[in-house]
Each structure stands twice: as structure tokens, then as C-alpha cells.
Visitor: 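A single structure is presented below for examination.
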There are 2 protein chains.
Amino acid sequence: MEQVNLDIQHAIRKYFPAITEKALQEEIASVGKVLSFKAGERIMDFGAYVKMVPLLINGSIKVVREDDEQDQELFLYFLQAGETCTMSFSCCMMNKQSDIRTTAEDDTTLIGIPIKYIDEWMMKYPSWKNFVMRSYDQRMQELVKTIDNIAFYKLDDRLLHYLQEKAKASSSSTINATHQEIAQDMNASREAISRLLKKLEKTNHIKLGRNKIELVQ
Amino acid sequence: MEQVNLDIQHAIRKYFPAITEKALQEEIASVGKVLSFKAGERIMDFGAYVKMVPLLINGSIKVVREDDEQDQELFLYFLQAGETCTMSFSCCMMNKQSDIRTTAEDDTTLIGIPIKYIDEWMMKYPSWKNFVMRSYDQRMQELVKTIDNIAFYKLDDRLLHYLQEKAKASSSSTINATHQEIAQDMNASREAISRLLKKLEKTNHIKLGRNKIELVQ
DNA sequence: GCCTTAATGTGATCTTTATCACAAGTAATA
DNA sequence: TATTACTTGTGATAAAGATCACATTAAGGC
């Protein structure tokens with residue numbers, strides 16, 4: 001993690017057009033800290049007390065749920081520029097420990113807002129309130145989509161879907177990951193993933209390389 | 001569904017102690033409609049456009065996700081007195097179709113608030129804003145718990161958990177349901193549920209009857 | 001170029017759950 | 001009471017994935 005110098009107001013106007021009030025943009029600029037993370041860097045760990053809410057302006061963040069008892073985890077969704085982590089809201093407001101883990105999927109830059117403003121601004125700036133509400137809605141949608149996925153679909157469909165999400169997150173049709181990493185995200189066995197990837201290659205959905213998967217078309 | 005006469009302000013004070021402003025209580029009383037539903041009655045269907053947000057004052061509501069394409073569904077959680085349906089918020093605000101289904105689990109009474117006030121009151125009444133935020137957080141938590149369940153646990157654990165939730169929702173240790181209904185909620189086969197119930201009976205967790213399951217202690 | 005290490009491929013076997021096919025029990029009612 | 005419609009029980013079989021046990025392949029460091 002590294003603190004960066006950057007014109008916050010400009011970034012907000014560009015990536016968060018829904019945040020319209022000038023005064024709010026100024027407040028964000030004055031209290032926000034611009035942080036950047038290298039791809040793969042841990043942003044928020046399980047059990048960490050969250051003190052900031054991130055406004056993403058670049059890159060993408062992977063959000064993962066972990067099962068404490070057993071040693072398992074499950075990918076939930078990616079956050080991208082223009083989005084924020086509502087899980088952080090919850091954690092902040094309730095001042096409770098985080099039960100998810102976030103890592104930078106690509107090199108990522110974000111504006112961190114100290115938690116106390118989240119709430120304060122809700123009553124002061126309508127566009128902030130709308131932004132927060134819309135973010136919550138989006139995340140609920142994502143969670144429901146995740147539920148659909150694991151409840152209603154089999155591993156092959158889930159795998160393809162995961163690959164597509166991952167490609168979209170990095171805006172590239174090439175995915176850099178090992179089968180092992182994918183298996184972990186999907187809470188599946190590496191062998192099953194390897195076999196299904198082969199199948200996807202045969203059906204011409206992907207091209208396989210070492211540490212690399214290319215989405216076809 | 002039936003409209004009922006009832007002292008709304010009194011009910012709010014009793015079941016929603018977090019809603020503190022007198023003026024807000026009065027507004028709720030003047031715009032809210034008290035509705036009651038019989039156990040089993042459909043409250044909100046998939047695809048229905050939601051026009052009200054429910055504040056539960058009695059009974060409980062089952063929230064279920066349905067897979068449109070295939071004919072499958074999955075139980076998400078129960079809502080109880082003092083709670084509200086944040087999924088409705090999303091639907092209302094975005095004015096989009098509901099993708100979940102809610103049915104009265106028991107005889108249920110609720111105060112329906114026309115959607116336009118949800119947003120309006122957020123900036124006017126701090127306690128309302130807090131209530132809405134807290135509701136969102138609660139529901140996210142529930143969704144994550146649901147994900148944990150289907151991702152990390154096997155059918156027997158999930159079944160016991162489901163039975164416990166269902167008993168809690170009705171504040172009774174006796175559950176009235178057929179194996180078929182349970183299987184449907186859990187998106188599992190009836191035979192598997194029947195066999196696992198037998199196993200739970202043998203291990204002394206439950207007592208089985210026809211259309212009836214008794215949780216032991 | 002050789003060696004080490006990490007990544008991938010692959011067969012065999014085991015578990016969990018779904019599916020199919022009925023049998024048997026119980027409630028409701030003609 | 002006989003009949004019909006649910007509900008539950010149960011075996012046999014199948015499918016999806018997990019797990020185990022290695023073989024093979026590729027990349028990077030020396």
C-alpha cells in the first residue's frame with residue numbers, strides 16, 4: 001500500500017458522476033486519502049477492523065468470503081472503478097470485525113474515506129445518500145447472483161461464469177491464474193477445475209496456457 | 001390480504017424502538033396501512049412491482065429466491081417483527097421488478113409504507129436513516145450466511161440449520177411442513193430430505209410426525 | 001543445458017446427492 | 001367402509017465432484 005498524490009476532485013467527477021454536490025466533492029478531497037495497491041496485495045483482511053470506506057478510481061478488487069472453521073473460501077464479486085465496498089459500511093457502522101477479505105485483483109487506486117463521514121454526509125448531501133443506497137442495492141444483487149450460481153448451477157457453468165467475471169474485472173480476455181487459485185476461489189478441487197478447463201478448451205470457449213487462460217471471442 | 005385497524009404509533013413504539021422521533025411516528029401512522037396476511041398467503045410475487053415497504057409487527061415472512069429458467073427455488077431467510085424487507089427498498093428505488101418471492105410463514109401483520117417516504121425520511125429523520133442502514137446490513141449478513149451455508153456445508157447440516165431457523169421464525173419447536181416442502185426450500189430432492197430427517201431422528205435431534213417435525217430440546 | 005520447483009494431466013476410487021421406481025402408511029371423503 | 005390422494009419409506013442406479021496417487025510438462029535459476 002502506498003499513498004499517492006492525485007487530484008481527488010477531478011477523479012470524483014470522472015469516476016463518480018453521481019456525486020454531484022460541489023461542497024461534497026470538496027469535502028471528499030479534503031478528508032480522503034488516495035491509496036494505491038499492487039495487484040495481489042491484501043487490502044482488508046478478515047478480522048481487521050475497518051476504518052475507511054474505499055471509493056475505487058482504478059483497477060479492481062476481489063471480495064472473498066472465508067469459512068473460519070474449515071479452511072475454505074469463496075469468491076463473491078469484483079469491485080471496479082466507480083464502486084465502493086458496502087461490506088465496509090456494515091463493518092464500520094456496527095464497528096464489528098470484517099468477515100470478508102479483499103485483495104487487489106489488478107493494480108488499484110482508491111480514495112479512502114474515514115468512516116465517520118459516511119454517515120454524516122448521508123443527511124447532508126442527497127447525492128451521497130443516493131450513492132450509498134445504490135451501492136447497497138448493487139451489492140445485494142451481486143450476493144443474490146452468487147447464491148444463484150452456487151445453488152442452481154453446476155461447476156462447469158460456474159467456472160465459465162467466473163472466468164468471464166474475472167476477465168471483465170481486468171478488462172482483458174487473458175486471465176493470469178493457476179488452476180489451483182481458481183479452484184480456491186470457487187471452493188472446488190483443483191483436479192475438477194483442470195478437467196473442466198480442458199473441456200472448455202475442447203468446446204472452444206477458452207485457450208489454455210501455463211498460468212494463463214485466454215477467453216475465446 | 002386484509003386491511004386492519006390498529007394503533008400504528010403504539011405498534012411502532014413497541015416493535016421499532018429504534019424509530020424515535022415523535023414526528024416520524026406520526027408520519028408513519030398517517031401514511032402507513034396496516035395489512036394482515038394468513039399463513040401461507042403470498043405477499044409479494046416474483047415480477048411484481050413493489051409499491052410498499054413492509055414494517056413487520058407480527059408473524060413472520062419467508063423470503064425465497066427463484067431461478068427463472070429452471071424450476072428451482074431457494075430459501076433465503078425469515079423476516080420477523082421489528083424487521084423490514086430491504087429487497088423491497090431496492091426494487092422500489094430502482095423501480096424494478098422483484099426477483100424474490102415472499103410468503104407469510106405464519107399469520108402476519110405489517111405496516112406498509114408507500115415507497116416515496118422511504119427516501120424522503122432518510123434525510124429528515126436520523127433514526128429512520130439508521131434503521132434503514134441497519135436493515136441493509138442485517139440482510140447482507142443474512143445473505144452471506146446463506147452463501148456460507150450452501151457453499152461450505154453439506155445437506156445434513158443445512159437441514160438442521162433450516163429447521164432451527166424455521167422453528168425460531170414461528171417461535172415454536174414444532175414445524176408444520178412436508179418433506180417435499182422442505183426439499184423445495186432447500187433446493188434438494190425429497191428423498192434425500194426424508195432420509196436425512198430419519199437420520200436426525202435417530203440421532204435424537206428431532207421427532208417426526210406426519211406433516212410435522214418436532215425439534216428436540 | 002541441468003536441476004529444481006511449480007503447474008498440469010490423468011486414472012482409480014469414494015461420497016454425496018439426484019433420479020427412478022415403487023411400496024406402504026395415513027387422512028380425507030364419497 | 002372403500003376409495004382416493006397425499007405423504008413417507010426404501011432400494012437400485014447414476015452423476016457430479018472430492019480425494020488420492022502419481023506421471024508429465026514447463027519455467028526459472030544455477
Side-chain angles (χ1 to χ4, degrees), chain A residues 39-40 67 69-75 146-163 166 174-203 205-215, chain B residues 39-40 67 69-75 146-163 166 174-203 205-215:
Chain A
D67 185 45
E69 285 114 67
Q70 299 145 79
D71 184 37
Q72 298 176 102
E73 59 179 70
L74 185 78
F75 161 77
T146 303
I147 290 174
D148 281 1
N149 250 293
I150 47 182
F152 301 137
Y153 294 97
K154 277 191 286 160
L155 207 51
D156 47 358
D157 286 335
R158 286 179 55 210
L159 177 56
L160 187 54
H161 181 252
Y162 170 84
L163 294 174
K166 200 167 165 89
T174 305
I175 292 158
N176 294 303
T178 66
H179 301 181
Q180 179 62 62
E181 285 161 3
I182 296 171
Q184 190 151 313
D185 273 1
M186 298 187 60
N187 191 44
S189 73
R190 198 269 311 161
E191 295 91 325
I193 296 297
S194 285
R195 287 189 247 256
L196 289 177
L197 283 171
K198 262 266 123 68
K199 213 173 81 183
L200 284 176
E201 189 177 44
K202 283 212 183 88
T203 55
H205 288 90
I206 58 175
K207 272 206 192 84
L208 292 173
R210 199 186 169 80
N211 293 318
K212 197 178 84 174
I213 296 167
E214 188 107 22
L215 278 187
Chain B
D67 184 45
E69 285 113 68
Q70 299 144 78
D71 184 37
Q72 298 177 101
E73 59 178 72
L74 185 77
F75 161 78
T146 304
I147 289 174
D148 280 2
N149 250 293
I150 48 181
F152 301 137
Y153 294 97
K154 277 191 287 163
L155 208 50
D156 47 358
D157 286 334
R158 286 179 56 210
L159 177 56
L160 187 55
H161 182 252
Y162 170 83
L163 293 174
K166 200 168 165 89
T174 306
I175 292 157
N176 293 303
T178 66
H179 302 180
Q180 179 60 64
E181 285 161 4
I182 295 170
Q184 189 151 312
D185 273 1
M186 300 187 58
N187 192 42
S189 73
R190 197 269 311 160
E191 294 91 326
I193 296 298
S194 284
R195 287 189 246 256
L196 290 176
L197 283 171
K198 262 266 121 69
K199 214 174 81 182
L200 284 176
E201 189 177 42
K202 282 210 184 89
T203 55
H205 288 90
I206 58 175
K207 273 206 190 83
L208 293 173
R210 197 186 170 81
N211 294 317
K212 199 178 84 176
I213 296 166
E214 188 107 22
L215 277 188

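What you see is a predicted model; the values in this text were computed from it and never measured. Residue numbers begin at 1 in each chain, while the letters A, B, ... track the order of the sequences.
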Visitor: What is the minimum heavy-atom distance between B/Thr174 and B/Glu214, and which atoms define it?
Guide: OG1-OE2, 3.3 Å
Visitor: Report yes if the side chains of B/Asp67 and B/Asn187 come closer than 4.5 Å at any heavy-atom pair, otherwise no.
Guide: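 Side chain of B/Asp67 against side chain of B/Asn187, heavy atoms only: no contact under 4.5 Å found.
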Visitor: Could you encode protein contacts along nucleotides 6-13 of chain C as a string, one character per nucleotide from 5' to 3', using B for base contact, S for sugar-phosphate-only contact and - for no contact, with a heavy-atom cut-off of under 4.0 Å?
Guide: BSBBBBB-
Visitor: Distance check needed: D/dA18 C1' versus B/Phe152 CZ, whole Å only.
Guide: 16 Å
Visitor: Please give, in whole Å, the distance from D/dA27 P to A/Asn176 CG?
Guide: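 Whole-Å distance recorded here is 13 Å.
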Visitor: Side chains of residues 149-156 of chain B: which donor-acceptor pairs under 3.5 Å do they make with residues two or more places apart or in other chains?
Guide:
| from | atom 1 | to | atom 2 | distance (Å) |
| --- | --- | --- | --- | --- |
| B/Asn149 | ND2 | B/Lys145 | O | 3.4 |
| B/Asn149 | ND2 | B/His161 | ND1 | 3.2 |
| B/Tyr153 | OH | A/Glu69 | OE1 | 3.2 |

Visitor: Any side-chain heavy atom of A/Ser194 within less than 4.5 Å of one from A/Arg190?
Guide: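 SC-SC contact between A/Ser194 and A/Arg190 confirmed.
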Visitor: Check the distance between D/dT19's P and A/Asp71's CG and give it to me in whole angstrom.
Guide: 12 Å
Visitor: Specify the separation, in whole Å, of atom CG of A/Asp157 and atom P of D/dA15.
Guide: 17 Å
Visitor: Over all heavy atoms of both residues, which pair between B/His205 and B/Leu160 is shortest? Give the atoms and the distance, please.
Guide: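 Smallest heavy-atom distance, with atoms named: CD2-CD2, 4.0 Å.
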Visitor: Quick one: A/Lys154 NZ to C/dA18 P, roughly how many Å, whole number?
Guide: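 Answer to the nearest Å: 12 Å.
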Visitor: How close do A/Leu163 and A/Ile175 get, counting heavy atoms only, and between which atoms?
Guide: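 Closest approach of A/Leu163 to A/Ile175: O-CD1, 3.3 Å.
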Visitor: Mind calculating the distance between CD1 (B/Ile182) and C1' (D/dG9) to the nearest angstrom?
Guide: 15 Å
Visitor: How many Å lie between CD1 on A/Ile193 and C1' on D/dA16, as a whole number?
Guide: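 From A/Ile193 CD1 to D/dA16 C1': 13 Å.
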Visitor: Nearest-Å distance, NZ (A/Lys199) to C1' (D/dA15)?
Guide: 11 Å
